[in-house]
J.: 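Structure incoming, see below.
Hydrogens, waters and symmetry mates play no part in the numbers below; they use all other heavy atoms, side chains included. This is a predicted model, so every value here is computed, not measured.
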Amino acid sequence: MFQPVSSQTDFPAQERLVLAFWKRTRAFDRLRQLRAHAEKQFSFIDGPITANNPMGVHHAWGRTYKDLWQRFFAMKGYNQRWQNGFDCQGLWVEVNVEKDMGFKSKRDIEVYGVERFIRLCKQRVLNSAAMQTEQSIRLGYWMDWDDPDELRWLAQKIVEDPQQVITLKRDGRTIRGTVEQIVGMLGTPELERSYFTFSDENNYQIWAFLKKCHERGWIYRGEDVIPWCPRCATGISQHEIDTEGYKDREDPAITVRMKLRRYDVSHAEWVSEAAREKFERAPGKFLLAWTTTPWTLPVNVMASVGPKLRYAIVRQVHKDGEVAVYFLGAKTLHMLRGEYEVLGEILGAHMVGWTYEGLFDDLPAVIDALKRWEDLHDGRPFEHPVIAWDEVSEEEGTGIVHNAPGAGPEDYQLGKQHSMPKIAPLNEDGYYLDSFGPLSGKHAHEVPELVESLLKAKGYFYRHEKYLHRYPHCWRCGTPLVYRMVDEWYISMDELRYHMMEVAKQINWIPPFGLERELDWLRNMRDWMISKKRYWGLALPIWEYPDGTFEVIGSYEELKARAVEGWEAFEGHTPHRPYIDHIKIRHPVTGLIGRRVPDVGNPWLDAGIVAYSTLRYRTDRRYWERWFPADFITESFPGQFRNWFYALIAMSTVLEGKPPTRTILGYATLLDEKGEPMHKSKGNAIEFNEAADKAGADVMRWLYARQRYDDNLLFGYNALNEVRRQVILPLWNVYAFFVTYANADGWTPNEALKADNAAWSLAQHYALTTLDRWVLARLAETVNTVNEHLLAFDARPAVLAIESFIEDLSNWYVRRSRERFWGSTMTAEKQAAYATLYTVLTTLARLIAPIVPFLSEVMWQNLIYGVSVETAQDNGGAFSVHHQAYPEPRALTEAERALLREMALVRTVVALGHNTRAQSKVKVRQPLNKITIVANDEVRRAVLAQRELILDELNVKDIEFAEQESELVTYRVAADARKLGKKLGAAFPRVRETLERMPTSPIVQAVRAGQPITVDGVELQPDEVIVQPVPRAGLIVAGEDGIVVGLDTTLTEALIQEGLAREVVRRINDLRKAANLNVSDRIETTYKATPRLAAAIAAFADFVRGETLSLSLREGEPEDEHRTSDTFDGETLTVSIRKV
RNA sequence: GGGCGAUUAGCUCAGGUGGUAGAGCGUCCCUCUGAUAAGGGGAAGGUCUCAAGUUCGAGUCUUGAAUCGCCCA
């Protein structure tokens, strides 16, 4: 017996029962044991999820793929590592801890204490990891998970007292250490389970990588002007800002007038001689320059013009009577305020070399900088020059750009080219340094008014306005960035990028455009900035000496050997700040003492190293060789070309020159149902927990798995509901149908049927019908398709094939087989039906297991062990569906292929038959005499083979074939454009028109006879003409693809009586249902009917009794209980039933 | 500013090598029903973004434009 299955199941609740079953039976551990010694292995490396917040539905998308292929290969018999990863270090964790603590700046962290701050970061990571672990388990993701409670316990301990000694148990082993040490060992061979990128091993492996880079001379300290977050007080790398940094912002834009000192207008073209004289007479001549970053004006050094642009020379008389002449782009005259007169024009190239009065040459910092420049240039006085810059445009501003090489990245490069002084105005919090006069101590974003008033006082101000533009913001805290000149650490890409491109080409990128994207990034990327002036992260293993030289330390052991100071303070701690900062080393030659640079590392180093660190590259090289490279990795595409994929490839290229993985699967972005990004603040975000509770993880997983990789996924409850209704419910209904009838019949599977390969020998043991053989062939076909595509990491076609099979199973096999299951005695045919459907369901359960692990498990436990998942137990060995072997592909026989074709034709005929029924308005319950079919020989053979099925489906008594020339159809003759268009060329339209006007009969006859016909003097071969039957108008017919079906709607008294009898049956069965009778309960039936109806019941009494399981059917006064009365087709019926 | 992609039914999308437009969802109508939170049949709905070109024939090929993505400056 099977456990009864309700068609009204709460799927999310059922999933929780499955989770409990897996937990109490340790089903995942059993799977690992079963595959532990497998020859074949599948190496998946998890891209670490940021352990900072709860998991989102977008994470669940990728995690579905990860679980799907791990389960698939496990069922295929592959051994695996099953290691999840958490990304732990970096600014995002710091920012959230700061938020929790109410910190406003780095100073707050210093005051609070770096050591305690780091503890809070670790705590946050461990707590987030615990939550994400629970959510992943809820998704059905099988991994070697940590116990979430243990993680939370460690989180608690790490803030309480990291030096407390604790013990953890693993498989009977005891691991002992301080809390800090234990946390630093998470994911290593001792503790196993999820890896954490803050582990000692991960950090030291990065050290080894950086050391190797240094040995090749690729690590350098560079000065550059970079985007800088004044709140986080750190540089934001190019990788980060490009991804999601830009937001609209309204800024004050200021136009300044720079007073010319030296100029030469000999190349100018004047409007008139008078204009030229006006120019000469004007007391002040100015360049107009426009900027949206007024805070950079105090460190202005030069101005640039487009050498190919034309500049207007205009004269204005201001309200105070001042007469001034301005130079500005000829297309930017709208920037002027008030009336003006154009005096002439001059080419930008002819302005190069002019000089102007510095805007803030009186500030101490500027005086100092210019003095230093003069000292370096033999005492030559500095003059602010006009230079040429091709990037200058007239689209915004005045066509003249003010340049501050200490405060803008392009300006910095220009300044370098022209050997200009570079003046950096801001400290790391975004405030002006001392020696900036009235500006000192003011924040960059609060000085526009002050700058404006200072400019006014000097006579350099022209106008201001508000300006809306895209401005870079900190991707973590949202603060508008500034540009700051700083020293950062870089890995040079000059040489590495080409090696990386070679490595990237060896990887199978899905979808294929991934490779192009990655190569594009590699071609264009600048050197890799690896430093961040923060606290929580990889301690960069760079020690600097007072003379500016530096060394990179490659390991714990090397550091210990080189340490001359501070080792006691560090020993026993993880390699993080502040302990690591105590260590000093001595230069072997100069004897100078080196200190560690205070910077921490770019977090993508942490994630990029995992193909080495988690595979024990440093500690167990044979293990690494076994599992490297990965067979498969997958993450969302956006961002990863420059982040994880990039870092993985970079580090693997440096360490081994090999690809870290064979296949990279990338997928697009998850959006809401309207196609908009999900944001908590917008209220359109769906929490993972909420979706899992409402829709169920299986439904979510199906939606994810059927998504096209390169399309954005529009995620929402409508989409989920569609999956549930179209896939999950039909499958569940078939399963429920099977269980209900098998139980009613007391049918149970024998051991051979339970065995995996039973499907292929069924025919030898059971009297299979055509329909049975058909559904088994469809199943085999589906198994083949699914295997093929899953092996190629292409989930969608596999999922669609299963959907199509479920549709066929539900709407054809089961629907057409129902009556076989209804029969009251166990016939051989019925045995065959059970055996077939049982085999289909057990095979299907295994086939869909990687996609919907819960549903498949529920079916499996009941179908194999006859238990509900609530009470299911460890039955020894491979007790879970996920322990089974995946259904293997096999070649279909010729007979099977023919059967599939035949059934497809039959279904077309049936669809057409339903169509004629609908047109005729004669409902299907009313039997009719016959249908007439016009079709070719192949269709005729198919129809004859499936004659009974068609009769029953369409409720007709007979099928008749009409001759081709019949009253049902006429013919349409058309030219085959594909063939004749090429052959006839320009003559084709004329021939076609003539052909279609000719009488059809002779042409049809000729084509049938295989004879050529002549049209317009052109001889056409039979295969160049298309003959299509067309239903004759006025008849009830339906046609498609050369098949035409006509319906004979003549009603005889016998047919009418039969139709009435069916109406009676339906009403009695409605009563049975209303009375909550079991499908096998027998009843006694009493009825009263109008005479014509009574005659019909009498004539079809056996039929009525059989269909309603009535032991007796008698005319009389119906009883009060279970009674109904109804009028139909002009007849009235009152009927009652009673359970026997 | 450069590169790539897209633009087809109300919505989401299919449409090798040119031959007279399809699916799912939604809407409406009909129908079946002991799988019933299902099932079946049908209808309406499209100047295939626009323009020019090649061709007997263009959703499909070429060029240009517009709009929208993504990537890079």
Side-chain angles (χ1 to χ4, degrees), chain A residues 5-11 238 242-243 390-391 393 395 410 513 516-518 520-521 523-526 637-639 641-642 668-669 673-675 707-708 710-714 718-719 721-726 728-741 744 800 803 807 809-812 814-815 817-819 821-822 910-926 953-955 974-993 1026 1038 1062 1065-1066 1068-1074 1076-1081 1107-1109:
Chain A
V5 175
S6 166
S7 58
Q8 297 179 13
T9 296
D10 178 347
F11 290 106
Q238 186 198 358
D242 288 346
T243 312
D390 288 329
E391 298 298 310
S393 86
E395 279 183 19
E410 294 92 354
F513 69 75
E516 275 314 309
R517 286 276 172 85
E518 188 64 42
D520 191 46
W521 168 246
R523 268 190 292 268
N524 291 309
M525 80 164 295
R526 299 196 222 160
F637 261 155
F641 295 106
R642 67 184 74 198
T669 305
E673 279 182 324
K674 291 178 192 153
Q707 176 66 18
R708 225 182 299 276
D710 39 7
D711 281 353
N712 290 335
L713 171 54
L714 305 188
N718 287 321
N721 206 31
E722 194 176 318
V723 168
R724 197 184 69 105
R725 250 186 41 221
Q726 291 204 299
I728 306 296
L729 277 183
L731 173 60
W732 187 256
N733 283 337
V734 171
Y735 163 68
F737 171 86
F738 167 82
V739 167
T740 304
Y741 281 94
L800 293 184
E803 285 185 12
E807 151 81 15
L809 175 66
S810 161
N811 288 332
W812 196 244
V814 170
R815 190 156 66 77
S817 303
R818 272 183 300 192
E819 290 186 35
F821 291 93
W822 292 344
V910 166
L912 292 174
H914 281 301
N915 189 339
T916 62
R917 276 274 185 179
Q919 289 181 51
S920 72
K921 308 276 184 202
V922 180
K923 53 192 168 190
V924 179
R925 213 177 292 127
Q926 175 61 59
E953 175 72 15
L954 295 177
N955 196 16
D976 188 334
R978 251 176 224 273
K979 290 171 182 162
L980 284 175
K982 283 205 181 76
K983 177 170 152 186
L984 302 178
F988 174 66
R990 180 174 48 85
V991 173
R992 169 163 70 182
E993 200 175 325
I1026 296 168
R1062 282 177 181 250
V1065 165
R1066 190 188 138 202
I1068 295 174
N1069 278 335
D1070 282 348
L1071 263 185
R1072 288 180 58 106
K1073 211 165 132 192
N1076 265 329
L1077 295 194
N1078 207 305
V1079 289
S1080 53
D1081 288 337
E1107 291 291 313
T1108 61
L1109 298 186

J.: Pairing of RNA chain B as dot-bracket, 5' to 3': ( ) intra-strand, [ ] crossing, | other strand, . unpaired, with Watson-Crick or G-U pairs under 3.5 Å?
T.: (((((((..((((.....[..)))).(((((.......))))).....(((((..]....)))))))))))).
J.: Answer with base, sugar-phosphate or nothing: what part of the nucleic acid does Glu516(A) contact at a heavy-atom distance below 4.0 Å?
T.: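 Here Glu516(A) touches no strand at all.
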J.: Does Thr740(A) get its side chain close enough to the base of rA35(B), under 3.5 Å, for a donor-acceptor pair?
T.: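 Flag unset: no donor-acceptor pair detected.
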J.: Does a side-chain N-to-carboxylate-O contact under 4.0 Å join Arg815(A) and Glu953(A)?
T.: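 Between Glu953(A) and Arg815(A) there is a salt bridge, with a charged N closer than 4.0 Å to a carboxylate O.
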J.: Which residues pass the side chain to side chain contact (heavy atoms under 4.5 Å, CB included) test with Ala736(A), sequence neighbours left out?
T.: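 Residues passing side chain to side chain contact (heavy atoms under 4.5 Å, CB included) with Ala736(A): Val5(A).
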J.: Could you pick out which residue, Asp520(A) or Arg818(A), lies toward the 5' side of RNA chain B when each is mapped onto its nearest nucleotide?
T.: Arg818(A)
J.: Between rG16(B) and rU49(B), how far is it from one P atom to the other, in whole Å?
T.: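 Going atom to atom, P in each nucleotide, I get 15 Å.
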J.: Can you tell me, in whole Å, how much space there is between the C1' of rU27(B) and that of rC11(B)?
T.: 12 Å
J.: May I have the distance from Arg815(A) (atom CZ) to rU31(B) (atom P), rounded to whole angstrom?
T.: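 Going from CZ in Arg815(A) over to P in rU31(B) covers 17 Å.
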J.: Give me the distance, rounded to whole Å, that separates rU17(B) from rC61(B) when you measure between the P atoms they each carry.
T.: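 Pairwise P distance, rU17(B) against rC61(B), rounds to 7 Å.
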J.: Mind checking if Phe11(A) touches a base, just sugar-phosphate, or nothing, with heavy atoms under 4.0 Å?
T.: nothing
J.: Considering heavy-atom distances to RNA chain B, does Asp711(A) or Arg724(A) have its closest nucleotide positioned more toward the 5' end?
T.: Asp711(A)
